[in-house]
Amino acid sequence: GEHEIELAWQVANQIAGAIAGANQFARLERESAERDRIAEIGRIVSSTLNLSGVYANFAEQARSLVPADRLVISVYTDDGSELVEQFVDGVEIEDSAVGRRLPVLRNDVYEHLVVRKLHLLSDGRKDSGGEASSREEEIRFSRGLKSRLIVPLIWQGTVVGLLTFRSFSPDAFDGRKVDLAWQIANQIAGAISASNQYSKLEVESRERKRLADEQLRIAEIGRIVSSTLDLDDVFSAFVEQAAHLVPLDRVVIPLVNSDGETIKDAFISGQSIDDGKSGSIHPIENNVKESVIANNEVLVANGAPYEFVVKTHTSEMVRFDSGLKSLLVVPLAWKGTVVGTLSFRSLMPSPYGDHEVDLPRQIAAQIAGAVATADQYRQLQEAVSDIRKQAAALDASADAVVILKPDSSIEYGNDAFVRDTGYSRDEPIGRKSPFLRSDKDSPTVYEEMWETARSGNPGPALSPRKRKTAPNA
């Protein structure tokens, strides 16, 4: 009755304040816990510049604030053309993984997220404007992910990435969860931007170190090949350095012979080939290196292009059959002339990209002069060897032989000459040949002999008629 109603009102009035106070206390406690977790997220992401090691701890804290079955942090590239998935946690999607790069679609959603800098809340079916395509959203929906919340990561007024939450529940993200997602995004945006800059600097530092190491090795190659005129002594050291710069399983330096029509495999290292022995001579015409030598140009043949080279150059078949699947040939040009080539081959089908082509160019420029000089030295040694053999043959001749200079002075006399004239080896050197004339011979004999010698044609032999011990014998 009325009395009971009156009592109920009194009870309600008595407890209303306590309940409101308890609710307010619970809300304040929840907000305090949330602030603590937000602060912990800030501490976690600020503890290192390498965030990959702390993302798991971050995800644990983030999920305690915004429950999600999948969490992704994506970062825009410097030019804004791609979005890179930097962190992925939760439900696995077959087309999504750390490092995946997606082209940015400049559509309405991009305008919403990046230009207007607003969050996106949807049921997971709509296009994400760069985070995924409509088809990819269908894949996620088919995995049971029914809702999606994307919050832009804003640092110094620029959207540097996206923080994406997904849930199996279609109504997972209410207003409070959206607010917390923004707090998380604001807490991590600066750290992610700093981490990316750090990673970029690390990459640049490694690249500078790599380039410096490459230049040191190229300089060392120059020092090696310039340290001697006999490159056989240092070729293995050259190959060792080159192998750090260029993928190779066989390297050959063929040199153009003086006839201009053939090449000689002067230096060889690596995979053995039946017809590719050191010293082998090959015609330039129809050789795979013909265009390199003729046009001073680089030849690169990886994989399928090399198979085509094999079909058009039968001499390549033995190399292909040995397992070599790619070819890189660089001209060795010295003083405007191609003196040879530097040829690399690999068992890999596609090892030679732009960088691997540039390095052999630098190596070739470093060694061309030394290789040309060493080849000239080799030719000189061979010529000297031939001369010594000829001299030995002249010394062993039973007939007296004299070599005269154009002014008729004596340059050489063999052992038989010394024997027949009685002069020592050195005494006649530099003296005019007429001092050997005998009064018994007609002057015309010597004139005819000298005329024949000047013409370079063979003539009749004339033994020395004047001995040191018997002037008129």
Are any side-chain N or O atoms of T164 and backbone N or O atoms of I150, one a donor and one an acceptor, separated by less than 3.5 Å? no
Which distance, rounded to the nearest 0.5 Å, do you find between the CG of D249 and the OG of S269? 10.5 Å
Counting heavy atoms not belonging to E4, are there more than 12 under 6.0 Å from its CD? yes
Does anything in residues 208-219 form a side chain to side chain donor-acceptor pair (under 3.5 Å)? List the pairs, not counting sequence neighbours. E207-R210, K209-D213, R210-E214, R210-H355, E214-H355, Q215-Q362, R217-Q241
Is there a donor-acceptor pair under 3.5 Å between the side chain of N302 and the backbone N or O of S326? no
Using modelled atom types only, decide if a donor and an acceptor are shared between the side chain of T158 and the backbone of V160 within a distance under 3.5 Å. no
Side-chain donor-acceptor pair under 3.5 Å between N50 and E202, yes or no? no
Regarding R361 and D358, does a basic nitrogen lie under 4.0 Å from an acidic carboxylate oxygen? no
So R345 and E316, salt bridge (Lys or Arg N to Asp or Glu O under 4.0 Å) or not? Walk me through it. CA-CA 11 Å; R345 296 176 185 271; E316 286 296 305; 2.7 Å; yes
Within a radius of less than 6.0 Å around CG of D259, do more than 12 heavy atoms belonging to other residues, nucleotides or ligands occur? yes
Tell me, please, whether F141 has K146 positioned over its six-membered ring: NZ or CZ under 6.0 Å from the ring centre and within 45 degrees of its axis? yes
Please determine, by modelled atom types, if N257 and E261 share a side-chain donor-acceptor pair under 3.5 angstrom. no
Side-chain H-bond candidate by donor/acceptor type, D265 with H282, under 3.5 Å: yes
Would you mind checking if E40 and R43 are paired as a salt bridge, meaning a charged N to carboxylate O distance below 4.0 Å? yes
